[in-house]
Amino acid sequence: NFDSHLPETYNNRGIIKYELGKFSEAISDYTSAIDLKANYIDALNNRGNTYAVTKQFQNAIIDLKAALKLNDKSAAGHNNLGSVYLSQKNYAEAINEYTQAIKINPNFADAYYNRAVAYYGQGNLSNALLDVSKASTLNPNDPATKILKSFYVLKIINGYLLIIVF
């Protein structure tokens with residue numbers, strides 16, 4: 001049963017459409033949910049993330065910031081916004097958002113991993129290494145973290161002067 005009066009109905013259908021790769025339909029459903037409930041954080045985050053996947057970065061930033069304005073204690077929200085900035089190579093803003101996520105949840109391995117990528121983008125290899133080490137400690141079986149650690153080992157072999165202790 002589809003109840004067109006409940007914003008959750010549209011949000012849930014949007015999630016399904018997103019998973020099916022029907023991004024424009026997902027955005028439409030999230031928009032309907034937000035039209036029914038303007039401060040619907042989940043729908044704002046979902047639409048923001050969908051905008052990001054479709055490279056509509058400005059729309060993504062607007063939605064993710066709106067969601068954070070409603071709940072600035074969302075580590076996932078800061079991580080998501082950081083990832084949009086990272087996609088735009090806006091490393092300083094990305095690092096700021098990932099740092100906020102980590103302050104809220106110090107055990108958020110993905111935020112450490114993502115911040116490491118942003119630090120690397122800035123050329124700050126020492127901070128990138130610290131964050132990838134922390135991400136690896138928090139989530140030792142994550143394949144992405146293992147790959148990034150290997151990358152730093154390769155960089156050392158190619159002439160970077162870093163000391164790695166794993």
Side-chain angles (χ1 to χ4, degrees), residues 1-122 128 131-132 134-136 138-148 151:
N1 267 352
F2 187 84
D3 189 339
S4 63
H5 301 293
L6 294 175
E8 294 80 10
T9 303
Y10 286 104
N11 186 60
N12 291 338
R13 188 170 72 176
I15 292 168
I16 293 167
K17 297 222 175 133
Y18 177 94
E19 292 298 325
L20 294 172
K22 297 179 178 183
F23 301 124
S24 62
E25 291 178 32
I27 288 169
S28 178
D29 278 341
Y30 298 138
T31 300
S32 294
I34 294 163
D35 288 344
L36 289 170
K37 184 179 174 184
N39 62 349
Y40 192 4
I41 295 172
D42 290 345
L44 285 164
N45 276 316
N46 291 337
R47 188 173 71 177
N49 290 333
T50 307
Y51 279 139
V53 167
T54 58
K55 301 188 184 325
Q56 298 178 59
F57 297 122
Q58 290 309 319
N59 288 335
I61 290 168
I62 290 167
D63 278 356
L64 295 171
K65 281 185 172 183
L68 283 169
K69 191 172 183 177
L70 295 167
N71 176 16
D72 68 344
K73 299 296 184 209
S74 171
H78 285 286
N79 188 64
N80 292 340
L81 183 56
S83 294
V84 173
Y85 288 131
L86 184 63
S87 295
Q88 296 180 302
K89 297 185 178 0
N90 185 342
Y91 301 120
E93 288 296 328
I95 290 165
N96 180 55
E97 293 301 326
Y98 296 136
T99 300
Q100 290 302 314
I102 291 164
K103 284 180 184 175
I104 294 163
N105 179 0
N107 296 315
F108 194 177
D110 288 349
Y112 283 101
Y113 167 76
N114 291 335
R115 192 171 69 175
V117 173
Y119 278 134
Y120 179 79
Q122 283 187 325
D131 277 357
V132 78
K134 181 67 174 182
S136 178
L138 292 169
N139 192 0
N141 297 318
D142 181 19
T145 305
K146 288 180 181 179
I147 291 168
L148 195 56
F151 183 69

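Please read these numbers as outputs of a predicted model, since none were measured by experiment. Below, all heavy atoms of this structure are taken into account, side chains as well, without hydrogens, waters or symmetry copies.
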Below 4.5 Å, heavy atoms only, C-beta onward: do [X] and [Y] meet side chain to side chain?
X   : Y    : value
D29 : N11  : no
H78 : L68  : yes
I95 : Q122 : yes
L44 : I34  : yes
Y10 : E8   : no
T50 : K17  : no
Q56 : R47  : no
N49 : L64  : yes

Provide the closest heavy-atom pair for [X] versus [Y] in the form atom of the first, atom of the second, distance.
X    : Y    : result
A101 : A75  : CB-O, 3.3 Å
A94  : A118 : CB-CB, 4.2 Å
A33  : P7   : CB-O, 3.3 Å
G48  : A60  : O-CB, 3.2 Å

Counting N and O atoms only, with roles assigned by atom type, does the side chain of [X] sit under 3.5 Å from a partner on the main chain of [Y], one being a donor and the other an acceptor?
X    : Y   : result
N46  : D42 : yes
N96  : A92 : no
N80  : A76 : yes
Y30  : I15 : yes
S83  : N79 : yes
Y112 : Y98 : no

Q.
Would Y18 and F23 count as a side chain to side chain contact (heavy atoms under 4.5 Å, CB included) here? Give the steps.
A. CA-CA 5 Å; Y18 177 94; F23 301 124; 3.7 Å; yes

Q) Do the side-chain N and O atoms of S136 and Y113 include a donor-acceptor pair separated by under 3.5 angstrom? A) no

So how far is it from [X] [atom1] to [Y] [atom2], rounded to the nearest 0.5 Å?
X    : Y    : atom1 : atom2 : value
K65  : E97  : NZ    : CD    : 7.5 Å
L20  : E25  : CG    : CD    : 9.0 Å
L138 : K134 : CG    : NZ    : 5.0 Å
D72  : I104 : CG    : CD1   : 6.5 Å
T54  : N59  : OG1   : CG    : 8.0 Å

Q: Dump the intermediate steps for side chain to side chain contact (heavy atoms under 4.5 Å, CB included) on Y85 and I61, then the final yes or no.
A: CA-CA 8 Å; Y85 288 131; I61 290 168; 3.6 Å; yes

Q.
Per the salt bridge (charged side-chain N to carboxylate O under 4.0 Å, His left out) rule, what does the pair list look like for residues 100-116, sequence neighbours excluded?
A. R115-D131

